[in-house]
Amino acid sequence: MKDLLQEAARRADAYLAGLDQRTVTPTAEAMERLARLDEPLSAEPSDPAEVLALLDSLGSPATVASAGGRYFGFVTGGSLPAALAANWLAGAWDQNGALSVMSPIAAKVEEVALRWLLEVLALPPEAGAGFVTGATMANFTALAAARHALLQRQGWDVEAQGLFGAPPLTVVVGDEVHVSLLKALSLLGLGRERVVRVPVDGQGRMRPDALPPLSPATIVCIQAGNVNTGAFDPAAAICAAAHESEAWVHVDGAFGLWAAAAPARAHLTAGFAEADSWATDGHKWLNVPYDSGIAFCRRPEHLRGAMAATAAYLAQSDQREPMHYTPEISRRARGIEIWAALRSLGRAGLAGMIERNCRAAARFAAGLRQAGYQVLNQVELNQVLVSFGQAETTRQVIAGVQADGACWCGGTVWQGQTAMRISVSSWVTTEEDVERSLAAILRVAQAVLPK
Ligand SMILES: *Cc1c(COP(=O)(O)O)cnc(C)c1O
């Protein structure tokens, strides 16, 4: 075991050290070599060292270098050193994070991480939370709490009786709602298409003047950080209107909620703490390993009402029991990496990381504008949308950037306009990475564009 773990550490270190020299996407040759994994399951055991060597030799070159500093696809963070190291140690611990009796350390660390998260995200200190796999499940979990609370209020026990025959709930979303929220609604029996869509402005922000009539049977879903523009819905106005009607407000804040942790960006999250539930990711802007998201609920009893499960053999206690806040029972103790990330960064380190990423986005936007390209969004956070002209031209630039391999950016269609997305979310990204990537993008664009 000892030699094997040291060998794993040596290989991981070599992998990370090599990221700067390789292209962000794997080479065609590395992709072809993956076919060698298509072997029959061996009848006899293999040496674990040989298994690891095979995984490293075929697998490492076929990774996307998202652990490096020049990956700007989707909204993808890296893994902070303390978070990655804690993940390894926790892997050796092999703890089941369901109950405190199964892992006192996992239960304790979640409690501490929860307190710190509420502090850095400027959410109500009394809120409860479940540590889940990502923002999709965090949206699902928080919306289950909303469904529980709003139906309980009408005398309907949805956990016991299900939705057949239940009083109807109305779900209000902005027109630029994230697909994961619709997926969560579909899983909850609330339906992707039963939603009322509210018109948005040019940045994707919900227009509060266009809200439909709200009631105590309404869930209003707002966004902190649109996945394309990074824009924030006007939370203060929407929460005030919703709460006047006793409606529930849920926030999809997968990455945008983290703006609260950086003093120069915190104004963007004004009003979001007034909501009733929130979903965010750990594996995006906190830079912990996959998979990690958090579902918060102002009143922890609503989360427990939706998620708690009891059986004679599952110990009861007066403590906060992790499994009463999550869809899963057995699960990875993923609060550990969140704790390690926050413990190592401190408030200043976290603020610095967020701010650096936002400045990098501003630098990309300035460089692209200066070269004559159109930046489609107001760059206030870590997202940049750029058009290189015609849709086809922009698509060619995106493909060219991806093939070039100096950096990686994805594409999108923003309110009818084809654009390249740049999302800066990694602790690793340096100013040098940004300059090198900007130069690569401009080089590719000049080669594609007619002179
Ligand atoms: C990424 C994202 C999600 C989904 O998060 P996962 O971690 O992939 O489940 C939801 N909402 C927004 C706004 C996002 O950016």
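One-based numbering, in listed order, for ligands and for the atoms of each.
Tested against Leu150 for a side chain to side chain contact (heavy atoms under 4.5 Å, CB included), the candidates Thr218, Leu169, Asp276 yield a single pass: Leu169.
When heavy-atom distances to ligand 1 are checked against 4.0 Å, the residues falling inside are Gly134, Ala135, Thr136, His178, Ser180, Gly225, Val227, Asp252, Ala254, Phe255, Asp281, His283, Lys284, ordered by chain and number.
Relative ring orientation between Phe296 and Trp278 is described as perpendicular, the plane-to-plane angle rising above 60° on a 0-90° scale split at 30° and 60°. Classified by interplanar angle (parallel below 30°, tilted 30° to 60°, perpendicular above 60°), the ring pair Phe232/Phe272 is perpendicular.
By the side chain to side chain contact (heavy atoms under 4.5 Å, CB included) test, Asp20 is found to be paired with Arg70, Asp433, Arg436, residues two or more places apart in sequence or in another chain being considered.
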Report all side-chain donor-acceptor pairs from residues 363-370 shorter than 3.5 Å, counting only partners two or more places apart or in another chain.
residue : atom : partner : partner atom : Å
Arg363  : NE   : Glu435  : OE1          : 3.4
Arg363  : NE   : Glu435  : OE2          : 2.7
Arg363  : NH2  : Glu435  : OE1          : 2.9

Only distances under 3.5 Å count here; give the side-chain donor-acceptor pairs of residues 58-67 to other protein atoms, sequence neighbours excluded, each with its distance to 0.1 Å.
residue : atom : partner : partner atom : Å
Ser60   : OG   : Asp56   : O            : 3.4
Ser60   : OG   : Asp56   : OD1          : 2.5
Thr63   : OG1  : Tyr15   : OH           : 2.7
Thr63   : OG1  : Arg22   : NH1          : 2.9
Thr63   : OG1  : Ser60   : O            : 2.6

